Amino acid sequence: MVKVTFLGHSAFYVESEGLRGLIDPFLTGNPMATSKPEDFPDVNFIFVTHGHGDHIGDTVSIAKNTQATVISNFELSHFFQKQGLMCHPMHIGGVFKFPFGRVKLTNALHGSDVEVEGELVPGGNPVGFLLELGGKKIYHAGDTGLTMDMQLLEKEKVDIAMLPIGGNFTMDIADAVRAVGMIRPEIVIPMHYDTFEVISADPQAFRDQVPQGVRTEILKAGQFLEI
Ligand code: NI
Ligand code: MN
């Protein structure tokens, strides 16, 4: 059993046997978020797709309070380790078997620099996460444009895909629909839209275009899905 709770923007809370995990925990300053960092006192892993502020979010404070291990690319791990966090560095294409399940880092077409005191610090390559937990597979694309690499995911038989639809920085609805056609997940959850005006998108319009046979779950912050 896997429980996936949407927290707004690209943030999710994923619970499964041995995992109380946050993905891209942008809560403070997130106009879509209905939860606070304190609402997750027993997180044990935090997954960070890339270095942008709307994805690192509250990673540092939550990891310090919970002793959670941060899973990210090698370069971001270095950045987090310097701040005293426990990290498990990985990289694109790499798989590691954790006690809760398997994690694979996938390619994302985007940037990953971290803003530190007004300057951009290199943050390696952006990634997505393919998580295999409780007999299910979850793919969180991170921020990305449409890429043919997504075709590689079809064979994985993904149960839930979280895909950005907001455009401007990532895929828009049209490209996210094409991504769904390549990945063919059981369920798709749209993310990374409406948080800011520049990424306004209508998730109903996305749902209307998603290929038949794929269920679209439009979640509001705080709503969850159990599979
Ligand atoms: Ni980004
Ligand atoms: Mn973003």
Side-chain angles (χ1 to χ4, degrees), residues 4-14 21-35 37 46-63 70-80 89-92 105-131 138-147 149-150 160-177 179-180 188-203 206 218-221:
V4 173
T5 306
F6 185 48
L7 305 177
H9 199 54
S10 294
F12 288 85
Y13 185 48
V14 181
L22 284 166
I23 306 176
D24 286 356
F26 171 44
L27 305 174
T28 304
N30 176 353
M32 305 302 274
T34 55
S35 43
I46 302 174
F47 304 84
V48 181
T49 61
H50 64 288
H52 295 163
D54 57 321
H55 297 262
I56 286 186
D58 297 293
T59 295
V60 174
S61 66
I62 295 173
V70 179
I71 302 176
S72 68
N73 75 28
F74 177 84
E75 292 80 5
L76 281 181
S77 289
H78 184 78
F79 168 78
F80 289 132
M90 294 181 67
H91 234 306
I92 294 168
L105 266 57
T106 63
N107 190 25
L109 289 183
H110 196 67
S112 182
D113 285 5
V114 188
E115 193 181 327
V116 181
E117 291 165 9
E119 302 293 329
L120 286 178
V121 174
N125 288 313
V127 306
F129 289 105
L130 182 66
L131 309 178
I138 295 174
Y139 168 57
H140 185 293
D143 278 1
T144 184
L146 181 67
T147 154
D149 290 0
M150 289 171 179
I160 302 179
M162 295 95 135
L163 301 181
I165 67 162
N168 192 73
F169 300 111
T170 68
M171 299 189 284
D172 59 6
I173 287 175
D175 278 356
V177 166
V180 172
V188 61
I189 303 175
M191 64 177 184
H192 211 271
Y193 66 94
D194 284 356
T195 319
F196 314 108
E197 201 161 337
V198 73
I199 58 169
S200 297
D202 177 7
F206 171 68
I218 299 168
L219 301 181
K220 289 200 174 72

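Every number for a ligand or one of its atoms is a count from 1 in the order of the listing. Just so it is clear, the model here is predicted, and its values are computed rather than measured.
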State the atom name: nearest N, O or S atom of Asp54 to the Mn ion (ligand 2).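 Considering only N, O and S atoms, Asp54 comes nearest to the Mn ion (ligand 2) through OD2.
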
Please find the N/O/S atom of His52 nearest to the Ni ion (ligand 1) and write down its name.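 His52's closest N, O or S atom to the Ni ion (ligand 1) is named ND1.
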
Check His50 and report its N/O/S atom nearest to the Ni ion (ligand 1), by atom name.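 Result: NE2.
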
In Å, rounded to the nearest 0.5 Å, how long is the span from CG of Asp172 to OH of Tyr193?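 If we round to the nearest 0.5 Å, Asp172:CG and Tyr193:OH are 15.0 Å apart.
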
Enter the distance from His52:NE2 to Phe26:CZ here, rounded to the nearest 0.5 Å.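 Between His52 NE2 and Phe26 CZ, I get 13.0 Å after rounding to 0.5 Å.
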
If you define the side chain from C-beta out and look only at heavy atoms, does anything of Leu22 sit under 4.5 Å from Leu7?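 Result yes, sub-4.5 Å side-chain heavy-atom pair found.
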
Within a strict 4.5 Å, meaning less than it, do heavy atoms of the Ile189 and Ile160 side chains meet?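 Contact flag for Ile189/Ile160 side chains = yes.
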
Examine all N, O or S atoms of His55, backbone included, and report whether one is under 2.8 Å from the Ni ion (ligand 1).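 False for His55.
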
Metal check, the Ni ion (ligand 1) vs Asp54 N/O/S, cut-off below 2.8 Å: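 False for Asp54.
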
Report, rounded to 10°, the angle at the Mn ion (ligand 2) between the two atoms OD2 (Asp143) and NE2 (His192).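 Result: 100°, to 10°.
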
I'd like to know whether CZ of Phe74 has more than 12 heavy-atom contacts from other residues, nucleotides or ligands below 6.0 angstrom.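 No, CZ of Phe74 has 12 or fewer neighbouring heavy atoms, counting only those of other groups under 6.0 Å.
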
Rounding to 10°, state the angle centred on the Ni ion (ligand 1) that links NE2 in His110 with OD2 in Asp143.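 Computed angle, vertex at the Ni ion (ligand 1), rounded to 10 degrees: 90°.
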
Just wondering, is there an N, O or S atom on His55 that's nearer than 2.8 Å to the Mn ion (ligand 2)?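 For His55, the answer is yes, given that an N, O or S atom comes within less than 2.8 Å of the Mn ion (ligand 2).
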
Quick check on side chain to side chain contact (heavy atoms under 4.5 Å, CB included): which of His9, Met191, His140, His110 does Pro164 satisfy it with?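 Going through His9, Met191, His140, His110 one by one, the side chain to side chain contact (heavy atoms under 4.5 Å, CB included) with Pro164 is satisfied by Met191 alone.
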
